[in-house]
Q: 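To start, I am sharing the structure in question, which I have written as structure tokens.
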Amino acid sequence: MIDLRSDTVTQPTDEMRAAIAASPVGDDAYGDDPTVLELEAKTAEILGKEAAMYVPTGTMSNQLAIRTHTQPSDAVLVGPGAHIWYGEAGAPSTISGVVIQPLSGERGTFDAETLRAALPIEMSKVRKRHFSPIRLVCAENTHNGAGGTVWPLERQQNMLKEAKTAGLATHLDGARLWHATVATGIPEAEYAAGFDSINVCFSKGLGAPLGSALAGSADFIEHARRFKQLYGGGFRQAGMMAAGAVFALEHNRERLIEDHRRARILAQGLAELPGIEIDLDGVETNIVRFRSMDVPAPEFMDRCAQMGVAVNTYNSTDVRAVPHLHITDDDISEALTIFCNAASGKTSP
Ligand SMILES: Cc1ncc(COP(=O)(O)O)c(C=O)c1O
């Protein structure tokens, strides 16, 4: 099976497994796992922040950020199609008791004017009581739902300026921030500058078996550590897994350019196929989203699986394919042949 469902499906390579096997470990809940501490220091340095905290998943990282920045009944602004909003099982309302207010925009991003328009007007204390105070604004870069799109730095900086003027806290869901850096050459720390907190994931394109980190000021991370423990996130000899993440940071960031190249070849091939619609300009990194126009997307996905390619669907038209660490050039050409067959109604090659 050529598995293009997600970049989360990667298996640790032999070299990564060797690094994991050799890693010194301690007890993360006592704060003395040396490999976790090494990973946290490296991550904070890359992101230009005072501190970072290793956690099991990106969802936990984002949700710890929201819990630390807000109080129940607060409102959180997010961009269109934000993972925090639609992809984390309703955690913001369940865990933090906050209201998510989605903003409109392009390719997962929104501008300073849109943010300003969402802010409350001057009103009396009595009227104010009726509304959820907006405390936090969240961005996502690259943007999964929009197809791995990169938030242009200037647009992001203008939005952040507006958020600061309004006194809002800011969080970046940078699950795939590494991809933005590889695509543009702009260091992760430049994208992270101005945000109060950032989530990054090691378990996606970087190929580690699990883990994410939340970064920010030393005070913010210390505060978030209490919630990590409260959520059951003190995961003891976590250095076993952190070693995979350290290996991934050191060896797998630059090679993401290969995934981007294959995503582009895949997208260009798809653009030639009858029954497929794709916005080529929207394919900026490793995620390829396209529409199956004649065959309903769930049926298209089943046909592809029968012929040996796994993809993901989200509704009746949209399909997602994501090249990653284990996908070769030959896999991409075979996948294109299978997509062509599936779009024209075939279930076997
Ligand atoms: C943009 C984004 N943020 C957060 C997450 C959540 O990460 P995890 O699956 O590790 O909880 C994902 C997962 O795919 C994601 O794409």
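Order of listing sets the numbers, starting from 1, for every ligand and every atom in it. Note that the coordinates shown come from a computational prediction; the quantities given were computed from them, not determined experimentally.
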Q: Hey, which atoms in ligand 1 end up nearer than 4.0 Å to a heavy atom of E88?
A: 4 (C)
Q: Between CZ of F300 and OG1 of T313, what distance do you get to the nearest 0.5 Å?
A: 10.5 Å
Q: Considering heavy atoms of the protein only, find what lies nearest to atom 3 (N) of ligand 1 and give residue, atom and distance to 0.1 Å.
A: D173 OD2, 2.6 Å
Q: I'd like to know whether the aromatic ring centres of Y191 and W178 sit less than 6.0 Å apart in this structure.
A: no
Q: Does at least one non-hydrogen atom of H143 fall below 4.0 angstrom from an atom of ligand 1?
A: no
Q: Is it the case that ligand 1 has an N or O less than 3.5 angstrom from some N or O of T142?
A: no
Q: Should the proximity of T59 to ligand 1, defined as any heavy atom under 4.0 Å, be assigned to the side chain, the backbone, both, or neither?
A: both
Q: Checking D318 side chain against N315 main chain: does a donor-acceptor pair fall under 3.5 Å?
A: no
Q: How long is the span from the CE atom in M123 to the NZ atom in K128, to the nearest 0.5 Å?
A: 8.0 Å
Q: List ligand 1 atoms under 4.0 Å from N62, heavy atoms only on the residue side.
A: 3 (N), 4 (C)
Q: Are M60 and I221 connected in a single hydrophobic cluster, I mean Ile/Leu/Val/Met/Phe/Trp/Tyr linked by side-chain heavy atoms less than 4.5 Å apart?
A: yes
Q: Atom 1 (C) of ligand 1: which protein heavy atom is closest, and how many Å away?
A: E140 OE2, 3.3 Å
Q: Counting N and O atoms only, with roles assigned by atom type, does the side chain of H324 sit under 3.5 Å from a partner on the main chain of V9, one being a donor and the other an acceptor?
A: no
Q: Under 3.5 Å, N or O to N or O, is A175 touching ligand 1 that way?
A: no
Q: Show the atoms of ligand 1 that are less than 4.0 angstrom away from any heavy atom in T57.
A: 10 (O), 11 (O)
Q: Look up atom CZ in R176 and atom CG in D7, then write down how far apart they are to the nearest 0.5 Å.
A: 4.0 Å
Q: Among protein heavy atoms, which sits nearest to atom 5 (C) of ligand 1, and what does the distance come to when rounded to 0.1 Å?
A: H83 CE1, 3.3 Å
Q: Mind checking whether M60 contacts ligand 1 via backbone (N, CA, C, O), side chain (CB onward), both or neither, at a 4.0 Å heavy-atom cut-off?
A: neither
Q: Please state whether K204 comes within less than 4.0 angstrom of ligand 1, counting heavy atoms only.
A: yes
Q: Is a donor on one side and an acceptor on the other found under 3.5 Å between the side chain of S292 and the backbone of T317?
A: no
Q: Does N144 approach ligand 1 within less than 4.0 angstrom via side chain, backbone, both or neither, non-hydrogen atoms only?
A: side chain
Q: Is it true that the NZ or CZ of R289 lies under 6.0 Å from the centre of Y314's six-membered ring and within 45 degrees of the ring axis?
A: yes
Q: So if I count the atoms of ligand 1 from 1 in the order they appear, which ones are less than 4.0 Å from some heavy atom of R176?
A: 14 (O), 15 (C), 16 (O)
Q: Which residue is it: L77, I198, L160? I am looking for the one with a side chain to side chain contact (heavy atoms under 4.5 Å, CB included) to T170.
A: L160
Q: Name the closest protein heavy atom to atom 10 (O) of ligand 1, giving the residue it belongs to and the distance to 0.1 Å.
A: G58 N, 2.8 Å
